[in-house]
Amino acid sequence: MKTPHRWMMKAVGEPLTREPLELNDPPPGHVLVEVAGCGVCHTDLGFLYDGVRTNQPLPLCLGHEISGRVMKAGPGAEAWAGKAVLVPAVMPCGECDACRRGKGTICPNQKMPGNDIHGGFATHVEVPARGLCAVDEARLAKAGLALADVSVVADAVTTPYQAVVQAGVGPGQLVVVNGVGGVGTYAVQIAAAKGATVVAVDVDQAKLDAVAAHGAAKTFNVRQVDAKNLKREIGAFAKASGLPSREWVIFECSGTAAGQAAAFGLLVHGATLAVVGFTMDKVELRLSNLMAFHARALGNWGCTPELYPAALDLVLDGKVALLPFVERRPLDEINGVLAAVHDRKLTRRAILVPA
Ligand SMILES: [Zn+2]
Ligand SMILES: [Zn+2]
């Protein structure tokens, strides 16, 4: 067995430190998961480098995109023993008023690994059993995927999935995805799987080329098209493709102030703007454009566990490709990996795999 350990964040900007882990029996309703893989998210970098506060005070083990196998199950959670699972990035309590009304993402008692509780940059993690998503290993193997690969479903795929469902994306619609990094690539593929025609916008030509092969019908490099012309160019594409010039659905996935301003600038009559990316930066907007265009702006904090099986199905059915957009790295190289992601040296989403 791997020597149980986890990597702890002790202070902003400092390298994580490895500490040994004692494998206790989980309390009632909880399970101990042997981590297969844990994706590295922009949010982890926000905690580590930008001083975004974790809900649980430091030291804390980060990481909220976890797949693995249930190694020990506490009382009441025995049915999960031995199962391959995805751990949702947001785990609602299931019992409060918000949860009972199906609004688990705003549950005040929710647990987010790597934020409210210790996360998945570890060999093992203890999490609530409620909300776990079972992974069918026969289908996983048939899809040519390892359990570690689907870790990124637990945020990078499900968060845009929730956004796409919430925005009501369907056949015949024009969807614009602004920013096709670790999350936007999946927004493109999910919207295309729902039958929409997807326009992808980014500053990185390699990323645009990747999504052109996976769901994007048209791409725009905003290094070559300025913000003013972008809306006109997308309008011309819509016209040429017989798509509506109104009611576009715009997903802001860049998580940058410039990207947010650009996405807001794409509002047309009846548009929906879904804010998926996160930044601490502020942006100046004429908010009244929402009123003038009878448009709406939406946000979503993660994804309710109820939607995880459907999002995972898209992956297992081959409608959402993961492998071109991820790379596995040894967990114990975590400090180098985080620095490389921070310095934008990795083009794919890193998945940390305990050796
Ligand atoms: Zn995340
Ligand atoms: Zn709740």
Side-chain angles (χ1 to χ4, degrees), residues 9 29-30 35 37-50 52-56 60-67 86-122 125 127-133 148-163 179-187 190 251-256 274-280 299-308 311 322 325-326 334 337-338 341-342 346 348-352:
M9 174 180 170
H30 287 65
V35 175
C38 186
V40 175
C41 176
H42 197 74
T43 305
D44 298 307
L45 300 187
F47 292 140
L48 184 58
Y49 293 103
D50 303 334
V52 178
R53 298 277 284 270
T54 54
N55 290 330
Q56 174 72 27
L60 186 73
C61 178
L62 304 178
H64 55 267
E65 294 190 346
I66 307 166
S67 61
L86 282 179
V87 179
V90 172
M91 305 192 83
C93 79
E95 283 162 14
C96 71
D97 174 60
C99 283
R100 281 201 304 268
R101 288 184 290 117
K103 294 174 178 258
T105 56
I106 57 165
C107 167
N109 311 315
Q110 65 180 257
K111 300 289 181 228
M112 176 175 168
N115 188 6
D116 299 294
I117 56 176
H118 289 301
F121 294 156
V125 62
V127 294
R130 189 197 288 270
L132 287 176
C133 175
D149 298 327
V150 291
S151 61
V152 297
V153 172
D155 189 21
V157 175
T158 48
T159 296
Y161 186 82
Q162 172 83 71
V180 286
V183 168
T185 48
Y186 302 117
I190 294 161
F251 293 92
E252 204 310 289
C253 299
S254 76
T256 64
V275 179
V276 185
F278 177 83
T279 174
M280 287 286 276
N300 60 289
W301 175 250
C303 173
T304 57
E306 290 77 12
L307 293 180
Y308 269 62
L322 297 182
F325 304 103
V326 297
I334 185 167
V337 171
L338 291 173
V341 178
H342 188 230
L346 293 191
R348 299 173 175 212
R349 199 172 192 82
I351 297 173
L352 294 168

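Here the structure is a predicted model, which is why all the values come from computation and not from measurement. When a ligand or atom number is given, it counts from 1 through the structure's own listing order. These numbers come from the heavy atoms of this one structure, side chains and all, not from hydrogens, waters or symmetry mates.
None of the N, O or S atoms belonging to His42 lies under 2.8 Å away from the Zn ion (ligand 1).
Defined by atom type and a distance below 3.5 Å, a donor-acceptor pair is present between the side-chain atoms of Asp155 and His64.
Angle SG(Cys93) to the Zn ion (ligand 2) to SG(Cys96): 110° [nearest 10 degrees]. Rounding to 10 degrees, one finds that the Zn ion (ligand 2) sits at the corner of an angle of 110° between Cys107 SG and Cys99 SG.
Note: Phe325 and Tyr186 have perpendicular aromatic rings, judged against thresholds of 30 and 60 degrees for the angle between ring planes.
Separation of atoms OG1 (Thr43) and CG (Leu48) is listed at 12.5 Å; rounding is to 0.5 Å. Atom SG of Cys41 is separated from atom CZ of Arg349 by 4.5 Å, given to the nearest 0.5 angstrom.
Of all N/O/S atoms in Asp155, OD2 sits nearest the Zn ion (ligand 1).
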